[in-house]
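First the structure, in the form of structure tokens, and then the observations on it.
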Amino acid sequence: MRHDTLRLGAFFYATGHHVAGWRHPSSEADGGLVLERYVGWAQKAEAALFDLVFLEDGSGIRDGNLRSSERTARSTHFEPVTLLSALAAVTSRIGLVATTSTSFNEPYNVARRFASLDHLSGGRAGWNLVTSTTDAEAANFGADRIAQHGDRYERAEEFVDVVLGLWNTWDDGAVIIDKESGQFSKPDGFHPLNHRGTHFEVRGPLNISRTPQGQPVLVQAGASGPGKDLAARTAEIVFTANQTLDEATEFYGDLKGRMGRFGRDRDDLKVMPGLFPVVGRSEAEARAKFEALQDLIDPVVGLALLERMVGSFDLSGYDPDGPVPELPEANGAKSRQQLMFDLARREGLTLRQLYLRIAGARGHSQIIGTPAQIVDEMEERFQKHGADGFNIMPATLPGGLDDFIELVLPELRRRGLVRTEYEGRTLRGHLGTRPPAAHAPRQG
């Protein structure tokens, strides 16, 4: 039996996570490019004592091949570090996590960007490290296709080593600012990195001093073998998608079991799967809310969403009321493709039924019911070591967030599953984690 409390992230997806959420009457459909919307959402989450705000990102419109303009609303949004820098000024305790890819950036720029956010926020920054997964993104950087999966993770391994190294090129207390003596910093308080590797040559040091957290929190979402190894070595939070309790506990045990090989404690990494809740004061009310969203799905958009989830394969030639076809292994998000196939086979879903099934959560756990029903499932995963917390994915914004705060949080507090006040002022303080070593050994 566990006696700690679960962690909560507020995952803001510009117009809500349901693929048709922007069409709902209560949705703030302009939210992707209106700062005031994000300010309101973030301040609500902070008042509710969430651990962090989480923002995803991609290097372009990843759904650029869609045969409908409906998803443009979900592709038009701020660059996340820029946005979180603004939110740092209007919040004081909640963590601020942004996604940045290792595929189309350079380590020095990323290290500097997140170190700046950590200073601006007083120690609340987190970097969600991803590798890009679509050819549409590669096309914005002079390439026809993304690199092979193994090559992307090889680059990511070296990338994170360089970023960690740069964050640690300044010692604690290196900046002294002594006006009387004329000494601004200790001459031996910062060091060159002098990294020379397969993908990068970086001299260093970073041109921003050590951050309030020592280094920003590292977050990951990879669920393939290489992704889990990288997370076990470097991550402090892992966002993941698990459909069943058995899948969740297997993933949790596998990931945490790898950490010992890198000299890390299991408690220094928090597993926070995505959770898409639709809550009502009765189950019938919750079902009605969900069906109102489902009725807004354009079949073209639903099928195109599924195409992306299974690896950007064209499904328009298949019978939508027929079985999900056998497809070759994707080069993009391999684990998400496999999750789609497993879900379809386990529940005997047609193509249409599968895209309707994932229209809200995109493969993450989906719970529709009363506060007690939702908390029952959250508590079971938490107590049975399938999760250390959850990244909450509101169907619409602000309605889905308001419902969770108003209806689900009181039940979580009644059962003693979440905090009643912030314990610290930094993101790492909320999580109770220690950063990985700057140069933790790689496996192999």
task = Could you list the residues that satisfy salt bridge (charged side-chain N to carboxylate O under 4.0 Å, His left out) with Arg266, not counting sequence neighbours?
result = none

inquiry  = Once salt bridge (charged side-chain N to carboxylate O under 4.0 Å, His left out) is applied, do any residues pair with Glu79, and if so which ones, sequence neighbours excluded?
reply    = none

Given 3.5 Å as the limit, does a donor-acceptor pair link the side chain of [X] with the main chain of [Y], or not?
X      : Y      : result
Asp151 : Ala147 : no
Asn242 : His364 : no
Lys289 : Gly280 : no
Lys256 : Leu269 : yes
Trp127 : Thr100 : yes
Arg428 : Gln213 : yes
Gln294 : Leu356 : yes
Thr169 : Leu206 : yes
Arg113 : Tyr108 : no
Glu137 : Ser59  : yes

Which residues satisfy the side-chain hydrogen bond (donor to acceptor under 3.5 Å, both in side chains) test with [X], sequence neighbours excluded?
X      : value
Asp188 : none
Arg414 : Glu411
Asp402 : Lys44
Glu406 : Arg281

4.5 Å side-chain heavy-atom contact, [X] and [Y]:
X      : Y      : value
Asp268 : Asp265 : yes
Leu218 : Glu236 : yes
Phe404 : Leu412 : yes
Pro273 : Phe390 : yes
Met309 : Gln337 : no
Val97  : Val53  : no
Trp22  : Thr396 : no
Leu306 : Ile358 : yes

Could you state the interatomic distance from [atom1] ([X]) to [atom2] ([Y]), rounded to the nearest 0.5 Å?
X      : Y      : atom1 : atom2 : result
Arg93  : Ser121 : CZ    : OG    : 13.0 Å
Phe78  : Leu84  : CZ    : CG    : 11.5 Å
Thr131 : Ile146 : OG1   : CD1   : 7.0 Å
Thr234 : Leu129 : OG1   : CG    : 6.5 Å

request  = Decide yes or no on side chain to side chain donor-acceptor pair (under 3.5 Å) for Asp57 and Thr99, but give the supporting numbers first.
outcome  = CA-CA 5 Å; Asp57 194 38; Thr99 300; over 6 Å; no

ask   = What residue pairs, at least two apart or across chains, pass ring pair (Phe, Tyr, Trp, His ring centres under 6.0 Å) with a residue in residues 26-45?
value = Phe12-Trp41, Tyr38-Trp41

Which heavy atom of [X] sits nearest to which heavy atom of [Y], and what is that distance?
X      : Y      : result
Glu46  : Ile94  : OE2-N, 2.9 Å
Pro216 : Ala115 : CG-N, 4.2 Å
Ser103 : Ser101 : N-OG, 2.9 Å
Leu354 : Ala344 : CD2-CB, 4.0 Å
Phe159 : Asn105 : CE1-O, 3.3 Å

Does the distance from a Lys or Arg side-chain N to an Asp or Glu carboxylate O, for [X] and [Y], drop under 4.0 Å?
X      : Y      : result
Arg124 : Asp118 : no
Arg258 : Asp229 : yes
Asp30  : Arg37  : yes
Arg434 : Asp267 : no
Arg233 : Glu157 : yes
Asp51  : Arg419 : yes

key: Verdict with supporting geometry, Thr15 and Leu397, side-chain contact (heavy atoms from CB on, under 4.5 Å)   = CA-CA 6 Å; Thr15 56; Leu397 284 168; over 6 Å; no

request  = Test side-chain contact (heavy atoms from CB on, under 4.5 Å) on Leu409 and Phe50 and set out the steps.
outcome  = CA-CA 10 Å; Leu409 268 179; Phe50 277 69; 4.1 Å; yes

request  = Any salt bridge (Lys or Arg N to Asp or Glu O under 4.0 Å) involving residues 191-202? Give me the pairs, sequence neighbours left out, ordered by first then second residue.
outcome  = Arg196-Glu201

task = Would you mind listing every salt bridge (Lys or Arg N to Asp or Glu O under 4.0 Å) that reaches into residues 238-251, with sequence neighbours excluded?
result = Glu247-Arg346

request  = Applying side chain to side chain contact (heavy atoms under 4.5 Å, CB included), name anything that partners Thr198, two or more places apart in sequence or on another chain.
outcome  = Glu154, Glu158

request  = Quick one: list whatever passes ring pair (Phe, Tyr, Trp, His ring centres under 6.0 Å) with Phe54, sequence neighbours left out.
outcome  = Phe11, Phe239

inquiry  = Please enumerate all residues that pass ring pair (Phe, Tyr, Trp, His ring centres under 6.0 Å) together with Phe341, with sequence neighbours excluded.
reply    = none

request  = Give the intermediate values and the outcome of side-chain contact (heavy atoms from CB on, under 4.5 Å) for residues Leu8 and Val418.
outcome  = CA-CA 8 Å; Leu8 291 177; Val418 293; 4.0 Å; yes

inquiry  = Is it the case that over 12 heavy atoms from other parts of the model lie below 6.0 angstrom from the CZ atom of Arg203?
reply    = no

note = Test side-chain contact (heavy atoms from CB on, under 4.5 Å), reference His18, set Ile297, Val278, Leu296, output is Ile297

inquiry  = Determine whether the aromatic ring centres of residues His195 and Phe200 are separated by less than 6.0 angstrom.
reply    = no

query = Please walk me through it: do Gln220 and Asn128 pass side chain to side chain donor-acceptor pair (under 3.5 Å)?
reply = CA-CA 5 Å; Gln220 274 199 59; Asn128 180 41; over 6 Å; no

